[in-house]
Amino acid sequence: MKCKEINELLSGYIDGVLDERERSLVEEHLRTCRLCAEELAHLKASLKSLSSLEKEKPPPNFLNMVHKRLERRFSWKKALNKLFVPARIKIPLEAVAVAAAAVLVVFILISSPSQKPAPLQPSAVAGKLMEEEAFLSREMKVTEPATFFGARPAAVARGPIEETAVFAGEMGTAEPSTYMEVRSVTYRRGAEKMIELALLIEPEVNYAEGLNRLGASVHQAKLKGLREIEMPETEKKDKVRKSSTLAQVKELVSREGGKIISVEEEAVSPQRITVELPFDRYESFLNKLNELGNLQQTGAGPTGKDNRPIRVRIEIISR
Amino acid sequence: MNEEVIEGAERARKDTDLVRAFLAGDKVAFDRLVLKYQNRVFNTCYRLLGNYEEANDSAQDIFVKVFRSLKRFRFESSFSTWIYRIAVNTCRNKLRSLQYRYRRKMIRIDEQKDPEEESYAIEIGDESQSPVKELERKEKGILIQKAIDSLPEGQKTMIVLRDIEGLTYDEIATVTGLNPGTVRSKLARGRQKLRKYLRGIN
């Protein structure tokens, strides 16, 4: 065995903690290796130096010092305890965490700039908006989410108005019907002005053209692998008519330099389209729209106090 | 040997009696425990920290901890190893916080190891052979303490507990939570290192 390995065993050898094999190895090596024997002697001398070190003693008043420290600590602790006596109810850490998270969320929501109320609108518009909110948030007849014609729960969020329109279809057992309703509409108050129009259309208008459109949309639905559902003939016609009027409205909007905000195309009755028009084109848009059917304004018109784009919601209703 | 064992058992029984008395509300029992262990605790602190004031502070701290945690003493180990464990842990934490503060003040012998190890050893050797042959006990003690200070924390603990405080390997294992094999190898390495440092003065 090498000297290095023996050296590592010398400490245990001095203390008598080596096993029999190790001890005999060390003893055998020491008989022949002078260097390792010297090393052992040095090591023993070092240990002797250590054990002969003077014992450092604490100051004579050590016990008093401990007492003082205890008093200081416990009187401080007592004071703290007194201070917090009423609050010594144990609250689970989880509950504290949940409460803190809730406070944080509320704080973030309150301080979020998107939620800050906009400046107040002219009272007529504001009043209209409140009416509208009340009307639209009314709970309507809803069943399971519809798959009809690929209708999906549609979330529309544009500009200051935030709508969540969920469509639902009600399937009769004998004859499938096609009711689609707006389930809920959420308005953000104080939004910009919104004009509500109703366009009453005649049954004959563009029937043939509309039928082609319906065919196309049924075909599309098939392509998408969606369920094809039988529709009563009268409702088919109604849908055709309105979809063609809708197409015309869309065309008109683009001609007048406006843009389409949202379309509730799958709703059978009433069909709605929300558009935004430049302020100066609003009048000509109205005139042209009037040619498509009987146009009625259900709410207040534009106030004309600023030149911001005008938002118009048109309901296409068949007579 | 047999007498030592009996004596140890007797001591342990006395300790547990004192602990029980303290837990029963006898505050004097705590004082008796302090008086009984203050020298050992203090010396351990001093050897581990290498500074009288820090040792004093830590030793007081240890007895405050003892006072506070005696109610959790389970009588499974001896009171002696239990208090040593508190002492070693307290000093270890202290050392770690002191390391930064004393980085500049402390002269680490092992820093001079590589290029100057020989010259350092010779320097001490020269002194031992020179007119300073009769190094005063205290001066020698300071040198030994410096050598202890220079050891890595783990090895230092082994040396202090075994070679200064005289604990057995098993007791050291209980105090440090290491297995006896590790205690043996750490101690061996610490002793070898220490022997190199102390070569000149032995």
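Small disclaimer: the values here were computed from a predicted structure and weren't measured. Each chain gets a letter, A, B and so on, in the order the sequences are listed, and its residues count up from 1.
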Is any side-chain heavy atom of [X] less than 4.5 Å from a side-chain heavy atom of [Y]?
X        : Y       : value
B/Leu194 : A/Leu50 : yes
B/Gln192 : A/Leu10 : no
B/Gln60  : A/Leu70 : no
B/Leu35  : A/Phe62 : no
B/Lys140 : A/Ser49 : yes
A/Leu63  : B/Phe30 : no

To the closest 0.5 Å, what do you measure between [atom1] ([X]) and [atom2] ([Y])?
X        : Y        : atom1 : atom2 : value
A/Leu53  : B/Tyr46  : CG    : OH    : 9.0 Å
A/Ser51  : B/Ile164 : OG    : CD1   : 9.0 Å
A/Lys57  : B/Gln38  : NZ    : CD    : 10.0 Å
B/Arg195 : A/Asn7   : CZ    : CG    : 8.0 Å
A/Lys48  : B/Asp163 : NZ    : CG    : 14.5 Å
A/Ser46  : B/Lys193 : OG    : NZ    : 14.5 Å

**Request:** Show your reasoning for whether side chain to side chain contact (heavy atoms under 4.5 Å, CB included) applies to B/Leu198 and A/His42.
**Result:** CA-CA 9 Å; B/Leu198 298 178; A/His42 284 305; over 6 Å; no

**Region of B/Arg47 in contact with chain A, defined by heavy-atom distances below 4.5 Å** = side chain

**Asked** Which answer fits B/Ile148, side chain, backbone, both or neither, if we ask what part of it has an atom under 4.5 Å from a heavy atom of chain A?
**Response** side chain

**Item:** Pair B/Arg189 + A/Glu8, salt bridge at N-O below 4.0 Å
**Value:** no

**Asked** Should the pair B/Arg184-A/Asp15 be classified as a salt bridge under the 4.0 Å nitrogen-to-oxygen rule?
**Response**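 Between A/Asp15 and B/Arg184 there is no salt bridge, as every charged N stays at least 4.0 Å from the carboxylate O atoms.
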
**Message:** How about CZ on B/Arg85, more than 12 heavy atoms from neighbouring residues, nucleotides or ligands closer than 6.0 Å, or not?
**Reply:** yes

**Asked** Looking at A/Glu39, A/Lys68, A/His67, which has the largest count of heavy-atom pairs under 4.5 Å with chain B?
**Response**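 Answer, by heavy-atom pair count under 4.5 Å with chain B: A/Glu39.
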
**Message:** Using every non-hydrogen atom in the two residues, find where A/Glu56 and B/Phe42 come nearest and quote the distance to one decimal.
**Reply:** O-CD2, 3.6 Å

**Message:** For B/Asn43 versus A/Lys55, what's the shortest heavy-atom pair and its separation?
**Reply:** ND2-CD, 3.4 Å

**Item:** B/Arg162/A/Leu47 under side chain to side chain contact (heavy atoms under 4.5 Å, CB included): CA gap, chis, key distance, verdict
**Value:** CA-CA 10 Å; B/Arg162 173 70 195 147; A/Leu47 298 187; over 6 Å; no

